[in-house]
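A short worksheet on the structure shown next.
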Amino acid sequence: MKLLSRKREFEISGTGISKVEILYIGGIEQSILIQAEHIDKPVLLFLHGGPSMPLPGVSCRSRDYTVATTTKELVQHYVLVFWDQRGTGKSYHPSIPTESIKLSQFISDAEELVDYLRKRFNQNKIVIAAHSWGSIIGLTLAAKIPDKLHAYIGISQIVDWPENDRLCREWAINEAKKNGHKKAVDELTQLGEPPYTESFKQWGQLRKWLMKYNSMIYKDKEIQPPSLLDAVKIMLHSPDYTLKDIYNSFYKGFLFSFTQQMIQDFSTVNFIKSSNKIEIPIYFIHGRKDVHVYGSLVQTYFDHLNATKSKHLFWVEKSSHMFHPDDAKEIENILIKHVGAAIGK
C-alpha cells in the first residue's frame with residue numbers, strides 16, 4: 001500500500017532516467033534508484049547512513065531535500081544513484097543470512113555495485129559520496145579501489161568510532177547534568193569508556209541518551225531544522241515505498257542490522273591508523289554543530305592525511321548530523337561545482 005502520495009518536487013524528462021531497479025548483489029536482491037536528466041553524465045553513487053537509515057535512498061525519487069543533500073540540480077549534472085543497503089528499506093528480506101550482516105559484506109556489496117554502474121553506464125570511473133555510517137564503506141573503497149573512482153566525498157565522515165563514542169558519552173553526561181537527569185548521569189557513568197562490544201544493549205545505551213538529547217539535530221532561536229519526523233515523511237510520501245518498506249527500515253531492518261558481529265566491527269573503525277593515504281581527490285563536508293559524529297576527529301584526520309591528488313574540508317554552519325535544508329543545498333553546490341571541476345565534467 002502506497003502512503004500519502006503527493007506531487008513530486010521535480011520531474012525527469014523523457015530523455016533522462018528515473019527508475020528503481022532490483023539487482024542481485026552479494027548473493028541477494030537489493031534495490032537502487034537511478035535519476036538523471038542526461039545519462040552520459042558522471043555517475044554519483046550515494047551511500048546512506050544508519051545502518052538501516054536509507055536516506056538518501058530509494059524512497060527519495062523526485063525529492064529535493066534528502067537529509068544529506070538536495071537533488072533537484074544534482075540530477076542535471078550527474079547520474080545520481082541511491083541504494084538501499086542490505087537489510088533495510090526495499091533491500092530488506094527476512095531470508096538474508098544473519099552472518100552476512102558485517103562490515104566486510106557491506107564493503108563487498110558496494111564494490112560490486114560500483115562495478116555494475118561502471119559497466120551499465122560505460123564509465124571507467126564513478127564518484128562516491130557517503131553520509132555517516134555510509135562513510136565507513138565509502139572511505140574504505142576510496143583507499144581500496146582508487147582506479148575505479150573519480151573522487152570521494154565524506155559527509156559527516158566517521159573517522160575513529162571508539163573515540164567518537166568517548167566524545168559523545170562526555171557530551172551526553174554534560175547534557176544530562178544541565179537538565180538535572182540523575183538517571184542518565186548514573187547510566188552513562190556506569191557504562192564506562194568505549195569500545196562498547198559486549199552486546200547490542202550495551203552499545204545502544206549511549207545511543208538512547210544521544211537521541212534523548214537530540215544529538216543529531218541543531219536548533220536555536222534563528223535556526224529551525226527539519227525533525228526526525230520530517231525524515232520519516234520522505235518515506236511516507238515516496239512513490240516507491242510501501243508501509244511494509246517503512247516498517248522494515250525502522251523496526252525489522254533496524255533490529256536485523258545490528259548483529260553482534262557488526263557491534264564488534266564498529267569498534268575496529270579507525271581510519272587514522274588504517275588509511276593515511278588516498279590517491280583520488282577527497283572531500284569532507286561536516287556540520288559545524290555536529291555532536292553525533294565529531295568534526296574535531298575529521299579535522300585531525302584531514303590534517304594528517306596524505307592525499308596524493310587533493311583534499312578539501314568544508315564546514316556547513318547550521319547543522320549537526322541531520323542537515324538543515326540550507327546546508328543540504330550547499331552540499332549539492334559543492335558536489336556540482338567543486339567536485340565537478342575536479343573530475344572535469
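Here, residue 1 is the first one in the sequence, and each next residue gets the next number. Note that these values count all heavy atoms, side chains included, but never hydrogens, waters or copies made by symmetry.
For CE of Met211, the number of neighbouring non-hydrogen atoms (other residues, nucleotides, ligands) closer than 6.0 Å is 12 at most. Within 6.0 Å of CG in Leu255 there are more than 12 heavy atoms belonging to other residues, nucleotides or ligands. Within 6.0 Å of atom NZ in Lys219, 12 or fewer heavy atoms from other residues, nucleotides or ligands are found, so the atom counts as exposed in its surroundings. Annotation for Ile22: atom CD1 does not count as buried by contact number, only 12 or fewer foreign heavy atoms lying within 6.0 Å. Within a 6.0 Å sphere centred on CG of Asn122, other residues, nucleotides and ligands contribute 12 heavy atoms or fewer.
Between Arg118 and Asp115 there is a salt bridge, with a side-chain nitrogen of the basic residue lying less than 4.0 Å from a carboxylate oxygen of the acidic one. Salt bridge status for Asp84 with Lys90: absent, with no side-chain N to carboxylate O gap under 4.0 Å. Salt bridge status for Arg86 with Glu29: absent, with no side-chain N to carboxylate O gap under 4.0 Å. Salt-bridge check for Glu187 with Lys208: passed, with a basic side-chain N closer than 4.0 Å to an acidic carboxylate O. Ion pair Lys289/Asp220 not flagged as a salt bridge, since none of the NZ, NE, NH1 or NH2 atoms sits closer than 4.0 Å to an Asp/Glu carboxylate oxygen. Between Lys102 and Asp265 no salt bridge is recorded (no basic side-chain N to carboxylate O distance below 4.0 Å).
Closest of all the heavy-atom pairs between Pro51 and Met262 is CG-CE, 3.7 Å.
Ring geometry, His181 versus Tyr213: the interplanar angle falls under 30°, so the pair is classed parallel (tilted spans 30 to 60°). Below 30°, between 30° and 60°, or above 60°: for Phe258 and Phe200 the angle between ring planes is between 30° and 60°, a tilted geometry. Phe271 and Tyr301 have tilted rings, their planes meeting at an angle from 30° to 60° on a 0 to 90° scale.
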Intermediate values then yes/no, salt bridge (Lys or Arg N to Asp or Glu O under 4.0 Å), Glu193 and Arg169: CA-CA 8 Å; Glu193 295 284 336; Arg169 174 175 172 267; 3.3 Å; yes
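Within the structure, the salt bridge (charged side-chain N to carboxylate O under 4.0 Å, His left out) test picks out the following pairs touching residues 130-144 (sequence neighbours left out): Glu111-Lys144.
In this structure, Asn164 and Val159 have side chains that are not in contact, with every pair of non-hydrogen atoms separated by 4.5 Å or more. Taking the side chain as every heavy atom from C-beta outward, Trp171 and Leu210 approach each other to under 4.5 Å. The side-chain heavy atoms of His48 and Leu55, taken from C-beta on, include no pair separated by under 4.5 Å.
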